[in-house]
Amino acid sequence: MSGDDILRDVASQSEDTEFYTPMPDGYRRGQAKYVVVFGTVMSGLGKGIFASSLAKLLQDKGLRVAPIKLEGYLNIDSGTLNPYRHGEVFVLDDGMETDMDLGTYERMLDQDLTRDHFATSGQFFWAVLQRERHGEYQGRDVQMIPHVTGEVKAKLRRLAVKTGADVVFVEIGGTAGDVENAYYIEAMRQLAYEEGPENVCFVALTLVIEPSILGEQKSKAAQLGIKRLLEMGIQPHLIACRAASPVTDKVREKISIYTSVPMARVFSMHDEASIYLIPTRMRHDQVDRQVTHLLNVMDRVDPRAEQKAIDVWEEFCDRLRRPRHEVRIAVTGKYTAVRDSYASLLKAVEHAGAALDAKVGIQWVDTTSVTQANAAEALKDADGIIVPGGFGVRGTEGKIACVRHARENFLPYLGLCFGFQMAVVEFARNVCGLAGANSTEIQRHTPHPVIDLLPEQRGVKDLGGSMRLGGKDVELIPGTLASRMFGGAATVRLRFRHRYEVNPDYIERLRAGGMVFSGKAPGQPIMQILELPDHPYFVGTQSHPEFTSRPLRPSPFYLGLVAAALGRSAVGPVTPQESKR
Ligand code: GLN
């Protein structure tokens with residue numbers, strides 16, 4: 001039976017069929033290929049980093065790639081997840097709140113993604129239950145197989161049609177053996193059967209451990225982990241071995257024999273100083289060539305375009321490897337224990353550092369113990385400071401003390417969302433003389449609610465997906481630092497995730513005190529960027545510019561901060577390109 005026959009079978013929707021695979025209009029088998037990445041042994045191995053690096057290598061070859069992350073959890077999106085447990089909540093331009101891996105894909109591929117590129121079990125079950133209520137299953141009992149697995153495959157195929165992708169990269173959240181993602185893995189097995197040979201490539205990520213008491217690498221956990229996948233009907237084509245140091249041939253051989261994957265396709269994916277160095281390593285190990293052969297897409301490769309892309313990327317990597325300067329940026333944060341909760345921020349700093357030939361060290365400052373009396377001591381080693389996004393009361397007075405120290409001592413300052421709001425509170429209290437000024441998020445009945453709920457937020461009861469979310473245009477005021485940093489652009493597009501704003505009733509008083517609002521929502525009195533003249537760099541934004549910073553197109557906000565921390569002009573010789581998007 002040919003693959004097309006299989007597809008015809010599964011697409012038949014008579015009442016008693018056991019097949020259920022809705023096919024989007026215009027779907028052509030073999031047009032889009034699939035790379036599916038599974039995790040074994042444990043979570044947090046960097047499936048997103050592997051998948052995005054591989055996707056980048058294929059994109060460099062001129063292929064069109066479309067990544068998608070499938071999450072096992074029942075939440076509809078990642079918006080209600082605690083970053084302490086799950087890493088940061090990333091926000092897409094269309095307002096979808098997603099897992100941090102979507103940020104990795106956007107950065108690595110320099111591509112804006114949408115909700116089509118992200119799904120959770122909650123979304124699939126929701127869709128299936130709604131269909132059931134609408135009577136769409138015509139008397140059938142609704143089952144995990146074929147109905148839920150059918151939705152999963154349909155989502156991938158719709159993405160393929162919509163993006164015209166040559167290769168769809170599917171990242172399965174969690175680890176083989178979890179209850180939550182078992183039906184995803186089953187759906188991928190079906191997908192491979194239906195799409196036929198050379199159309200689906202399975203990749204298993206695994207972990208090679210090196211216990212310090214033994215001093216050698218051990219492969220058993222990896223073997224057993226991959227065995228779980230084999231039991232579920234997934235024969236990987238490729239295995240990526242995560243490890244601290246390069247995986248030895250002996251260990252690769254063991255894994256190869258155990259899994260029937262040839263040695264040439266068992267890769268060592270050991271730690272690198274930066275994730276941006278991983279694509280280069282994978283290219284040297286020919287992972288990309290293995291995949292283009294397995295998927296038979298060699299004829300879609302454009303070698304000229306590839307060489308150009310490689311040259312640009314290598315130039316960036318060289319700057320990452322050999323920084324000529326060093327600065328230290330303090331970051332105040334509630335989640336100081338978990339780096340992942342600030343993933344995009346750290347990347348944005350890295351992008352800006354690379355553009356300015358600088359290695360940027362991060363100093364975490366837990367503000368719960370910072371006061372006006374010890375702020376100077378806490379920040380004595382910092383060349384600049386970031387107060388990032390945040391929610392709730394904890395540590396806010398310490399943040400405000402840090403802002404004051406930065407303002408009064410000309411320490412370069414960047415306030416992001418909550419950090420923008422804290423800069424307003426500090427300025428209102430200590431410059432405008434509005435004693436007790438605060439955000440109503442922190443103190444409901446403050447005498448001076450300089451930060452207050454957005455009017456549109458007043459009636460909002462639901463917690464999920466209800467903030468002011470996603471990409472929005474920001475109008476820049478000519479002549480300001482913000483306008484110059486964006487090369488004179490009239491508007492820029494930035495991403496948002498907030499409920500509170502500068503209270504419009506206080507804008508004039510803040511201005512009278514000397515605060516400059518250099519960016520605002522077009523046609524609305526929502527202030528989006530602030531700056532202080534007579535300070536080397538004191539900038540805040542209600543947005544999250546870290547979500548749109550890209551390796552080769554760093555965010556001007558971060559460039560400005562790092563430049564100022566290096567003692568240079570915030571509008572330096574690098575031309576930020578964010579404004580030209
Ligand atoms: N808690 C603030 C608000 O909701 C800031 C949010 C943020 O930093 N993302 O407006």
Side-chain angles (χ1 to χ4, degrees), residues 77-84 86-93 95-98 100 103 331-336 340-346 348 367 385-400 402-403 413-426 428 437-444 446 449-472 474 494-504 506 519-521 524-530 539-549 555 557-558:
D77 56 39
S78 309
T80 52
L81 297 182
N82 178 351
Y84 195 79
H86 282 272
E88 81 179 0
V89 178
F90 191 78
V91 182
L92 302 181
D93 189 79
M96 184 74 183
E97 296 173 286
T98 73
M100 58 184 274
V331 180
T332 67
K334 183 161 143 186
Y335 305 123
T336 43
D340 278 359
S341 32
Y342 296 105
S344 293
L345 181 155
L346 294 171
T367 53
I385 173 169
I386 297 178
V387 176
F391 295 83
V393 183
R394 201 164 158 266
T396 45
E397 286 304 317
K399 287 179 193 171
I400 293 167
C402 289
V403 176
Y413 176 81
L414 177 60
L416 304 167
C417 204
F418 198 65
F420 163 91
Q421 298 173 354
M422 291 305 96
V424 171
V425 170
E426 191 278 325
N438 216 331
S439 160
T440 51
E441 180 183 3
I442 298 164
Q443 193 187 350
R444 197 115 178 236
T446 157
V450 288
I451 303 293
D452 200 6
L453 263 186
L454 284 153
E456 73 216 41
Q457 287 287 326
R458 293 195 191 277
V460 172
K461 293 258 178 325
D462 278 351
L463 211 59
S466 59
M467 283 187 247
R468 180 171 183 262
L469 283 170
K472 317 251 177 230
V474 173
L494 294 165
R495 294 210 192 147
F496 292 84
R497 182 173 189 254
H498 65 123
R499 290 188 202 284
Y500 292 81
E501 62 160 343
V502 179
N503 184 342
Y506 282 90
K520 61 184 279 298
Q524 284 176 289
I526 311 181
M527 297 302 117
Q528 318 267 248
I529 305 174
L530 66 77
V539 174
T541 172
Q542 185 64 78
S543 71
H544 288 280
E546 56 275 20
F547 291 157
T548 39
S549 177
S555 157
F557 288 103
Y558 285 81

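Numbering of ligands and ligand atoms starts at 1, following listing order.
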**Student:** Just to verify, what does Ser439 make a side chain to side chain donor-acceptor pair (under 3.5 Å) with, not counting sequence neighbours?
**Tutor:**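 Result, side chain to side chain donor-acceptor pair (under 3.5 Å) vs Ser439: none returned.
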**Student:** Which residue is it: His498, Arg497, Arg499? I am looking for the one with a side-chain contact (heavy atoms from CB on, under 4.5 Å) to Phe391.
**Tutor:**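 With Phe391 as partner, side-chain contact (heavy atoms from CB on, under 4.5 Å) holds for just one option, Arg497.
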**Student:** Using a 4.0 Å cut-off on heavy atoms, what residues surround ligand 1? Order them by chain and number.
**Tutor:**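 Lining ligand 1 at under 4.0 Å, by heavy atoms, one finds Gly389, Gly390, Phe391, Cys417, Phe418, Gln421, Glu441, Arg497, His498, Arg499, Tyr500, His544.
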**Student:** Hey, is the main chain of His544 close enough, under 3.5 Å, to the side chain of Arg495 for a donor-acceptor pair?
**Tutor:** no
**Student:** Scan Ile451, Val450, Asn503, Thr446 and name whichever one has a side-chain contact (heavy atoms from CB on, under 4.5 Å) with Thr440.
**Tutor:**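 With Thr440 as partner, side-chain contact (heavy atoms from CB on, under 4.5 Å) holds for just one option, Thr446.
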**Student:** Just jot down the side chain to side chain donor-acceptor pair (under 3.5 Å) partners of Tyr500, sequence neighbours excluded, or say none.
**Tutor:**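 Here no residue qualifies.
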**Student:** Tell me every residue that passes side chain to side chain donor-acceptor pair (under 3.5 Å) with Thr98, counting only those two or more places apart in sequence or in another chain.
**Tutor:** none
